[in-house]
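Heavy-atom basis, side chains included; hydrogens, waters and symmetry copies ignored. All of these numbers come straight from a predicted model, not from anything done at the bench.
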Amino acid sequence: MLHHVVTFTWKKDITDEHIALFHKALDAISANIPEVVEFRYGRDLALKPGIGDYAISAIFEDVPGFRAYLAHPDHVRLVEEFISVMAEFYSSIQFEFV
């Protein structure tokens, strides 16, 4: 299994309305891309100091499934319409687990 984790720091002008639209787009990703085994996302609860405002966690069966997700038109559109517009900074990691 492959775990993909992305954290975001939003630009200062990002509103709750922007995030609500982002949530709808994320819901579509999890429903429309069959390679996604599990998909979770949400705002930082600020329980511990950190630099992120938001995170996405996605699980895939394998590396080819992850690559199919990255190339899927819904994911490409998400990056173009939301992430590139809303994120001041983002960081991602992928790791395998059993």
Side-chain angles (χ1 to χ4, degrees):
M1 301 292 278
L2 183 138
H3 198 158
H4 170 58
V5 179
V6 186
T7 60
F8 301 92
T9 300
W10 297 136
K11 294 178 181 176
K12 293 183 192 299
D13 62 345
I14 298 306
T15 65
D16 288 342
E17 290 79 22
H18 289 114
I19 294 171
L21 291 171
F22 187 50
H23 281 183
K24 287 182 182 180
L26 290 170
D27 287 342
I29 289 277
S30 61
N32 296 337
I33 303 179
E35 290 81 8
V36 175
V37 173
E38 183 178 309
F39 200 69
R40 297 178 189 256
Y41 53 86
R43 294 178 187 225
D44 178 43
L45 298 176
L47 301 175
K48 185 176 174 187
I51 61 168
D53 296 318
Y54 199 92
I56 296 172
S57 169
I59 296 176
F60 304 88
E61 289 287 337
D62 51 27
V63 172
F66 173 64
R67 290 192 173 139
Y69 159 80
L70 291 177
H72 192 281
D74 286 353
H75 179 264
V76 172
R77 187 170 37 259
L78 181 83
V79 172
E80 291 172 353
E81 294 179 9
F82 293 95
I83 295 170
S84 66
V85 174
M86 295 172 60
E88 181 71 32
F89 174 80
Y90 70 92
S91 176
S92 72
I93 64 166
Q94 297 77 47
F95 60 92
E96 291 185 308
F97 67 97
V98 180

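Summarising the geometry of H18 relative to D13, their closest heavy-atom pair is CE1-O, 3.7 Å, with the distance given to 0.1 Å. Considering every non-hydrogen atom in both H3 and S57, the closest pair reads NE2-OG, 2.6 Å. When every heavy atom of L26 is checked against every heavy atom of F39, the shortest pair comes out as O-CE2, 3.6 Å. Here the closest heavy-atom approach between residue G65 and residue E35 is recorded as O-CB, 3.5 Å.
Annotation for I51: atom CD1 does not count as buried by contact number, only 12 or fewer foreign heavy atoms lying within 6.0 Å. A 6.0 Å sphere centred on OH of Y90 holds no more than 12 heavy atoms belonging to other residues, nucleotides or ligands.
R43 has its side chain within reach of I19: a pair of non-hydrogen atoms, C-beta onward, lies under 4.5 Å apart.
A parallel orientation is assigned to the rings of F8 and W10, their planes being inclined by less than 30° (bins at 30° and 60°).
Between D62 and R67 no salt bridge is recorded (no basic side-chain N to carboxylate O distance below 4.0 Å).
Checking S92 against H4 by side-chain atom types alone, no donor-acceptor pair falls below 3.5 Å.
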Under 3.5 Å, sequence neighbours excluded: what are the donor-acceptor pairs made by side chains of residues 77-89?
residue	atom	partner	partner atom	Å
R77	NH2	D74	OD1	2.4
S84	OG	V79	O	3.1
S84	OG	E80	O	2.8

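Evaluation of the side chain to side chain contact (heavy atoms under 4.5 Å, CB included) rule for L47 yields L45 as partners, not counting sequence neighbours.
Judged by distance alone, the side chain of H72 and the main-chain N or O of I33 form no donor-acceptor pair under 3.5 Å.
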